[in-house]
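What follows is a short report on a single structure.
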Protein chains: 2
Amino acid sequence: MHYDFADARAASYRLDEQVGFLLRRASQRHLAIFAQRLPGLTATQFAALAKLCQLGPTSQNALGRATAMDAATIKGVADRLRARGLVEARPDPDDRRRHYLSVTDEGRALYEASAIAAVEISTETMAPLSASEREALLALLAKLG
Amino acid sequence: MHYDFADARAASYRLDEQVGFLLRRASQRHLAIFAQRLPGLTATQFAALAKLCQLGPTSQNALGRATAMDAATIKGVADRLRARGLVEARPDPDDRRRHYLSVTDEGRALYEASAIAAVEISTETMAPLSASEREALLALLAKLG
DNA sequence: TCAATACCATTTGTGTACGAACGAAAATGA
DNA sequence: TCATTTTCGTTCGTACACAAATGGTATTGA
């Protein structure tokens with residue numbers, strides 16, 4: 001049997017050295033920590049809530065862009081936040097395509113009560129890293145945006 | 001109105017500096033590149049296929065552990081790989097709970113034909129980074145496992 | 001004015017991803 | 001031997017994430 005380049009290539013493929021795999025594992029770690037520290041609110045839901053608090057009334061798609069979510073994704077997230085009374089939607093009188101989303105008092109209260117935990121979740125996720133390593137990781141990930 | 005610590009905290013929360021958000025965005029970037037370069041096979045499916053090629057016949061849950069997938073998740077992935085004829089399942093005579101998974105000839109051929117692209121996807125995902133930055137990122141992400 | 005274009009929200013379908021619970025089967029220990 | 005515990009595969013429910021298609025609305029530019 002002759003030496004097969006495809007075999008050599010395939011044998012040398014190391015899953016645990018691929019970015020995609022490592023990103024997936026790191027995300028799993030983060031989501032597990034988030035669910036434990038802030039149960040009842042997912043990471044994406046918190047991201048949307050936080051952005052909406054800071055931006056003020058915003059259209060649904062615009063909020064999606066601000067939080068790196070697809071139009072179809074932000075819809076589901078917004079629906080769940082509305083169902084829980086954290087966010088409310090009103091039609092835009094100037095543009096009948098738009099639904100303005102805004103945070104309710106309850107939503108703002110939950111956001112403010114959760115902000116500390118949210119930051120702690122970030123540091124806990126990166127707990128295996130030193131302070132300078134954490135900085136480096138954030139800078140490197142930001143470059144991939 | 002008195003100075004409110006919660007307000008200050010909430011105002012200083014920066015979504016785009018949180019690991020979770022950056023990890024999500026980096027994963028989106030990676031998955032988009034993967035889907036473009038290797039259409040018809042998802043990143044998770046390829047990971048399972050690759051591991052199974054390297055491990056040889058393996059039980060479903062064991063393959064899940066090797067690829068960092070939940071038992072419920074690996075089941076769906078394995079089902080789709082089996083439906084496409086890339087993987088086949090056989091009962092383990094020694095342990096009647098087990099289904100041994102193994103790669104078909106077609107599955108192995110697809111894996112070997114895709115291995116180059118898989119590595120290129122990794123480097124393309126990290127294209128905005130220099131060689132040393134890529135090394136650093138992989139090392140930092142590995143520490144979070 | 002009218003047509004092309006862009007944007008908004010929604011729906012459908014597929015594929016992860018996890019928790020929780022289940023029955024069957026195996027391994028362990030007293 | 002018997003009871004406890006663990007493992008294996010499965011199912012259900014919830015929540016992202018994206019592609020693609022739809023229909024409504026606004027903007028623009030000829």
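Proteins get letters first, then strands, A, B, ... in listed order; numbering begins at 1 in each. Keep in mind that the numbers below use all heavy atoms, side chains included, and drop hydrogens, waters and symmetry copies.
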Item to check | Residue pair F21(B), F46(A): steps toward the ring pair (Phe, Tyr, Trp, His ring centres under 6.0 Å) verdict | outcome: CA-CA 11 Å; F21(B) 179 73; F46(A) 182 80; over 10 Å; no
Next on the checklist: Side-chain N or O of Q60(B) versus OP1/OP2 of dC8(D): is the shortest distance under 4.0 Å?
Outcome noted: no
Checklist entry - Just how far is it from atom CD of Q45(B) to atom CG of L81(B), taken to the nearest 0.5 Å? => result 5.0 Å
Item to check | Close side-chain approach of D70(A) and K75(A), heavy atoms under 4.5 Å | outcome: no
Next on the checklist: Pick the closest DNA chain D nucleotide for V77(A) and for D94(A) by heavy atoms, then say which residue is nearer the 5' end.
Outcome noted: V77(A)
Next on the checklist: So if I take every side-chain heavy atom of R96(A) and compare against dC8(C), dG9(D), dT25(D), which nucleotide ends up nearest?
Outcome noted: dT25(D)
Checklist entry - Any ion pair linking D95(B) and R97(B) (charged N to carboxylate O, less than 4.0 Å)? => result yes
Item to check | N/O (side chain, R65(A)) to phosphate O (OP1/OP2, dA9(C)) under 4.0 Å | outcome: no
Checklist entry - How is S27(A) classified with respect to the nucleic acid when contacts are heavy atoms under 4.0 Å: base, sugar-phosphate, or nothing? => result nothing
Item to check | S59(B) side-chain proximity, nearest of dA9(C), dG9(D), dG15(C) | outcome: dG9(D)
Item to check | Length of the line joining F46(A):CZ and dA15(D):C1', which is rounded to integer Å | outcome: 18 Å
Checklist entry - Reckon R97(A) has a side-chain N or O less than 4.0 Å from the OP1 or OP2 of dG23(D)? => result no
Checklist entry - In Å and rounded to the nearest 0.5 Å, what is the OG1 to CZ distance from T125(B) to R29(B)? => result 6.5 Å
Next on the checklist: If I take atom CE in residue M69(B) and atom P in nucleotide dC8(D), what distance separates them, rounded to the nearest angstrom?
Outcome noted: 16 Å
Checklist outcome for this item: Quick note, D70(B) side chain, CB onward, closest among dT10(D), dG19(C), dA15(D) is dG19(C)
Next on the checklist: So T73(A), base contact, sugar-phosphate only, or nothing? Heavy-atom distance under 4.0 Å.
Outcome noted: base
Next on the checklist: Quick check on dC16(D): is either OP1 or OP2 less than 4.0 Å from any side-chain nitrogen or oxygen of R80(A)?
Outcome noted: yes
Checklist entry - Think T42(B) has a side-chain N or O under 4.0 angstrom from the OP1 or OP2 of dT16(C)? => result yes
Checklist entry - Just to confirm, is there a sub-4.0 Å distance from OP1 or OP2 of dA25(C) to any side-chain nitrogen or oxygen of R98(B)? => result no
Next on the checklist: Given dG9(D), dA19(D), dA17(D), identify the nucleotide with an atom nearest to the side chain of R24(B).
Outcome noted: dA17(D)
Next on the checklist: Using the side-chain heavy atoms of Q28(B), tell me which of these nucleotides is nearest: dC18(D), dA26(D), dA9(C).
Outcome noted: dC18(D)
Item to check | Residues that T73(A) engages under side chain to side chain donor-acceptor pair (under 3.5 Å), provided they are two or more places apart | outcome: none
Next on the checklist: Which nucleotide wins on minimum distance to the side chain of D95(A), given the candidates dG9(D), dA9(C), dA26(D)?
Outcome noted: dA26(D)
Item to check | Closest nucleotide among dC16(D), dG9(D), dC18(D) to the T44(A) side chain | outcome: dC16(D)
Checklist entry - Think N61(A) has a side-chain N or O under 4.0 angstrom from the OP1 or OP2 of dA9(C)? => result yes
Next on the checklist: Please report the distance, rounded to the nearest Å, between CG in D92(B) and P in dA24(C).
Outcome noted: 19 Å
Next on the checklist: Side chain of A72(A) only, heavy atoms from C-beta on: which candidate in dA15(D), dT11(C), dT16(C) is closest?
Outcome noted: dT11(C)
Item to check | Length of the line joining L49(B):CG and dT16(C):P, which is rounded to integer Å | outcome: 12 Å
